[in-house]
Amino acid sequence: MTRNPGVPRLLRRLNDRSALELLLSVGPLTRAELGERTGLSKVTAGQLLARLEERGLVEVAGERASGRGPSAALYGVVPSSAHVAGLEVLPDAITVGVADITGRVVVEVVVDPAGGGDPVAAVHEAVQRACASAQITLSRLRSFVIGTRGVVDPRTGDMRFSYDLPAWHTGVLASLRRTLGASVTIENDVNLVALAEHSYGAAAGQDDFVVIWAGIGQGLGVMLGGRLHRGITGGAGEIGWLPVPGEPLPADVSRPQSGSYQRLVGQEALAGLAREHGVTGSSPTSSPGSLVADLIRTAVARGRGGFLDAVADRLAVAVAAVTVVLDPGLIVLAGDVGRAGGDELAARVERAVAKVCPTRPRVVTTGVTGNPVLRGALVAALEEAREQVFSDTV
């Protein structure tokens, strides 16, 4: 009989990967518990743990008391075996989060990009500051995922363009990889929000859903079959350009605020809508984005249903358009507007959509705490790092 000498090695690698993922998801386990959950014998589970311990990937993390006999050693993944970085890049700030291989965020820093003329230098400085705060060297970072408001070419992974970040253009990815290493990925910010919602938020366990980001700009993150849908050119989700009856079509697509749907639900439009309904916020000196969020929070707190219904009717235009094309079943409202409106606004949007759409999707508010772009970037970075680390154990 001809035997394939690669099979035992492949099986060990698969078993190692399965064990590591299990230890990450359920926490430290004894050798016997690991064997029971993976279907491996105690002997094989012991050999597996010894191999992973020798590679520095698992360690004894405590003991499990036993009613009879000695306590059993608990094995867990070594947190410091690898680290990753997630970034959100905005015109006026770069936020960097560093997490260990278990997903625990060890540091988060915000750095002024100092004009943003040299994106590579700005990102490099921000990452170095984060590493210094985390007390690790840059070489310990196995993966970098950068979230921006721009359009990313899904074929090359490079930037196509960004209205807010003109220095982020074709060629920036290669420059970043020369500076930080080959494991740099650039991703659209709302796509990263969708990853965060899928892992930690309102869409956890759902493989088909849409995130509608309502804020200074409007965006859409689409998850179908558990995978992000980016479109051929990376332009899927640019709903600010959605044509809307009653709103003028853009005469110049280089002006991001000129899209029909952007005109309908942008900051100026919603601020004007608030004035029409006599809604005033508690922080009139806020920035445009936070001002509209403040107006919506005030309306929720004071029961200003007329204004909230008017906002919901406008948001429902995009929700209905997406629903009749994709029928995702679940819509997550995110961004400043979605977070400020909470469950109250989400319920009103759901009712508004039901009036104009033959299928009625469930509309919920974001379930991600903290910075959703950063959390999504870390989700993507951890997936990449674990693929590297956990696939090379034999």
After noting the C-alpha distance and the side-chain angles of R375 and E197, does the key distance pass the salt bridge (Lys or Arg N to Asp or Glu O under 4.0 Å) rule?
CA-CA 9 Å; R375 293 203 69 182; E197 294 289 354; over 6 Å; no

Taking the side chain as everything from C-beta on, heavy atoms only, tell me whether [X] gets closer than 4.5 Å to [Y].
X    : Y    : result
N191 : R230 : yes
I146 : T185 : no
L22  : L29  : yes
V353 : E350 : no
T156 : D153 : yes
V127 : F144 : yes

Quick check for you: to the nearest 0.5 Å, what is the distance between [X] atom [atom1] and [Y] atom [atom2]?
X    : Y    : atom1 : atom2 : value
I186 : L192 : CD1   : CG    : 11.5 Å
D16  : L11  : CG    : CG    : 10.5 Å
I296 : F307 : CD1   : CZ    : 5.0 Å

Could you tell me whether the side chain of [X] and the main chain of [Y] form a donor-acceptor pair under 3.5 Å?
X    : Y    : answer
R17  : F390 : no
R304 : H277 : yes
R104 : A99  : no
T365 : R339 : no
S18  : L14  : no
R129 : V111 : no

Taking it one step at a time, do S162 and D164 satisfy side chain to side chain donor-acceptor pair (under 3.5 Å)?
CA-CA 6 Å; S162 173; D164 295 327; 5.6 Å; no

So which atom in S199 and which in A204 form the shortest heavy-atom distance, rounded to 0.1 Å?
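Of all heavy-atom pairs spanning S199 and A204, the closest is O-CB, 4.5 Å.
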
Under 3.5 Å, side-chain donor or acceptor atoms of residues 77-98 against the rest of the protein: list the pairs with distances, not counting sequence neighbours.
residue, atom, partner, partner atom, Å
S81, OG, V78, O, 2.8
E88, OE1, N371, ND2, 2.9

With P361, which of V349, V319, L330 fulfils side-chain contact (heavy atoms from CB on, under 4.5 Å)?
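One option only clears the test, and that one is V319.
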
Assess whether side chain to side chain donor-acceptor pair (under 3.5 Å) is satisfied between D207 and H198, documenting all intermediate values.
CA-CA 8 Å; D207 285 342; H198 188 240; 3.2 Å; yes

